[in-house]
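First comes the structure, then the notes that go with it.
Proteins come first, then strands; the chains are lettered A, B, ... in the order of their sequence lines, and each starts at number 1. Atom set for the values below is all heavy atoms of this structure, side chains included, hydrogens, waters and symmetry mates excluded. What you see is a predicted model; the values in this text were computed from it and never measured.
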Amino acid sequence: MTGFLAIFRKEMANFFVSPIAYSVITIFLLISGFFFWANLSVMSLISLQAANDPMISQRINLTDVVVRPLTQNMSIVLLFLIPLLTMRLFSEEKKTGAIELLMTYPISDLSAVLGKFFAALAVLIVMLSGTISYPIILWRLGEFDVGVFLSGYLGLLMMGAAFAGLGIFVSIMTENQIVSAAISFGLALMFWIISWASSFAGQTWGVILKQLSILERLESFHKGILSLSDLSFFLFFTVFFIFLCLRSLESLRWRG
Amino acid sequence: MIEVQGLTKYFGRLAAINNISFTVQTGSVVGFLGPNGAGKTTTMRMLTCYTPPSSGSIRILGMDALSDSMKIRRNLGYLPENVPLYDWMRVCSYLDFVCRAKGVPSGNRKAEIERVSSSVGLDDVMGKLVKWLSKGYRQRLGLAQALIGDPPIIILDEPTIGLDPRQIREIRSLIKGLSKNKTVILSTHILPEVSQICDRVIIINRGTLVAEDTPSNLMAVKGKSRRCSIAVRALETDLTNLLSAAPGVLSVKTGASEIDGVAVVTVESLPEVEVRSELARLIVARGWDLLELKSIDFSLEDVFIDLITEEPIEPQSTENLQNKEVA
């Protein structure tokens, strides 16, 4: 793992020296803040109606009305934003030729890929940490299921890691950052909505497509259920794309 | 020490490097010459473990470039041709990153950065962003990153390209200074540079090695003819006709136009025949004034052009010629 920290530090510095991280974090916090405010407003409206109807008041809670929709909406926002974080990680090095120098330093390919991967993941964690005020506000307003909240955030982190792996793999394939972002977003979206085709893909393919769907996998996290198969899916997805990154770098070496 | 044996690199079906072998001794500066597209950069990329060879072997400091790539890279400093740097970094941060990437211990980093920056003359710009550096300073920074960690092997792809004459002189003396305890391989298109700083020269053309020797040996041995310049008070056409007929003369080229009735010509002759005495005798016998007769040494540039323009004789075409002769 020689050089992992050097690459991680460099990428973190690049994220925060350039406007990339600030822009992405700001956009994420603005949009997620809007969703949080909108969900709270809906909760407030329903609460007013519930004052006259005890049946409704027994059925509504902050977890169902605010927490679950919030993490669901945040996952869609991340679907758009993570390709922006990963688009330059290798593309820029390829375009400037710096990859030639990097690959002659005593840094293993795995260290280079993981250094960049964990830097993107660290920015994601900073983004999610920016929403720490939400559970504090909810805790002051009333009761909510902390388990569902934490499980939803774990889902976001797992999904973010999976898309970061995918995005880094795409950035090795092209020198153009815009192409890298576009393909990463396209592939991520495909894995997101792939289960939509399950209804008309036949029984066997329908099951396979549902198993591959990130939307389906995230659902259990939003419900507060941690299943080994969902956790393994995201872990395998991430490791698979990191493996592809290593193979692509090897191919790059052979092609000179 | 660098030992290259039967090095070959294919890109698809094209052999960019075809079975080249050479050895570079420790402490020497070797110039790597060849026209554009000859395979210099590809060879350098294989020597730096950036790309593996299709066949053949590279041993650097006794280690194999394929199986001990990481160990070799710890002992290597490389400056690629286009000096790829991170424009958004400050010079000091960039050198700090290179120190970390090369595994320089944390306690030695500051001293190492100071040592390298002062040796290449970067002290004045340590706080500047890389993107604001002039071409000369970028080149120096590229050289500095290659020197970080004090590697025993330095590989430089066109280190003086784009520099002004003063900077070129500084970088040359720096490279010359490195050779005391390091092995340096550099590629360049500036041939006088090779004569000045290189102990040996490797010339490749179309992926094959065409010459490997010291610059002085190449200039002495590789010339395919002798040349001399003659200035005579005579008509240029008369002089050309006289000298062309002399034994051993291959050609007579007229130089500058006649000034004050003095014709200046360059005579090319067979390498094994000393024609100067015979030419002098012929001129004096005609009653002309012989004002100057001097031998012209071949420059490395002449040798280089000579070697890279040599067309190999295809076996098939030789066979065809023999068939024609038989017919």
Side-chain angles (χ1 to χ4, degrees), chain A residues 1-23 87-116 118-119 123 172 175 177 246-256, chain B residues 9-12 16-17 39 41-54 66 68-90 93-94 96-104 106 109 129-131 142 145-146 148-149 151 153 155 157:
Chain A
M1 295 301 284
T2 318
F4 165 78
L5 275 178
I7 299 291
F8 177 79
R9 281 174 57 99
K10 175 182 86 74
E11 293 305 335
M12 286 303 282
N14 196 358
F15 274 127
F16 288 98
V17 162
S18 70
I20 300 171
Y22 300 109
S23 312
M87 66 180 186
R88 57 151 199 89
L89 287 174
F90 273 101
S91 302
E92 194 178 35
E93 306 247 20
K94 281 182 80 177
K95 189 168 187 176
T96 58
I99 197 159
E100 184 180 346
L101 209 46
L102 196 66
M103 289 168 89
T104 59
Y105 288 153
I107 298 175
S108 67
D109 290 354
L110 182 64
S111 299
V113 171
L114 289 184
K116 287 168 185 282
F118 279 106
V123 176
I172 296 177
E175 289 182 359
Q177 295 187 35
L246 297 177
R247 295 286 71 82
S248 307
L249 283 180
E250 197 176 327
S251 161
L252 203 68
R253 277 190 188 279
W254 278 99
R255 282 182 279 133
Chain B
K9 180 73 182 179
Y10 281 97
F11 291 122
I17 297 295
T41 298
T42 303
T43 308
M44 289 191 153
R45 283 176 172 177
M46 286 190 277
L47 292 175
T48 56
C49 305
Y50 172 66
T51 186
S54 303
L66 270 180
D68 297 319
S69 162
M70 198 61 82
K71 285 182 192 165
I72 290 176
R73 285 191 262 162
R74 281 195 196 103
N75 290 287
L76 200 82
Y78 176 43
L79 171 67
E81 186 181 350
N82 59 351
V83 198
L85 304 168
Y86 298 117
D87 284 352
W88 52 273
M89 277 186 168
R90 293 191 187 281
S93 321
Y94 178 72
D96 182 64
F97 161 70
V98 178
C99 279
R100 288 171 191 272
K102 289 191 173 185
V104 175
S106 56
R109 272 180 217 143
L129 279 175
V130 172
K131 71 175 171 183
Q145 65 78 30
I148 289 270
I153 309 280
I155 296 178
D157 201 350

Exercise. Write down the atom of Ala6(A), the atom of Ala101(B), and the distance for their closest heavy-atom approach.
Key: CB-N, 3.8 Å
Practice problem: For each of Met89(B), Lys71(B), Gln145(B), Lys9(B), tally heavy-atom pairs with chain A at distances under 4.5 Å, and name the one with the top tally. | Solution: Gln145(B)
Practice problem: Check side chain to side chain donor-acceptor pair (under 3.5 Å) between Glu11(A) and all other residues, then give those that pass, not counting sequence neighbours. | Solution: Arg88(A), Lys116(A)
Quiz prompt | Which of Met46(B), Glu81(B), Arg73(B) touches chain A most, by non-hydrogen pairs under 4.5 Å | solution = Arg73(B)
Quiz item: Considering only heavy atoms, which portion of Thr42(B) lies under 4.5 Å from any heavy atom of chain A: side chain, backbone, both, or neither?
Solution: neither
Quiz item: So which part of Tyr10(B) gets closer than 4.5 Å to some heavy atom of chain A, the side chain, the backbone, both or neither?
Solution: neither
Self-check item: Residue part contacting chain A, namely of Phe11(B), when any heavy atom lies under 4.5 Å
Solution: side chain
Quiz item: Between Leu102(A), Leu252(A), Asn14(A), which has the largest tally of heavy atom pairs under 4.5 Å with chain B?
Solution: Asn14(A)
Quiz prompt | Residues of residues 89-99 of chain A with any heavy atom under 4.5 Å of a heavy atom in chain B | solution = Glu93(A), Thr96(A), Gly97(A), Ala98(A), Ile99(A)
Quiz item: With a 4.5 Å limit on heavy-atom distance, are the side chains of Arg9(A) and Asp96(B) in contact?
Solution: yes
Practice problem: Determine yes or no for a side-chain-to-main-chain donor-acceptor pair under 3.5 angstrom, with Arg253(A) supplying the side chain and Tyr50(B) the backbone. | Solution: yes
Practice problem: Output the option from Val98(B), Val83(B), Ile72(B) having the highest count of non-hydrogen pairs under 4.5 Å with chain A. | Solution: Val98(B)
Quiz prompt | Gap between atom CG of Asn82(B) and atom CG of Leu101(A) - 0.5 Å precision | solution = 9.5 Å
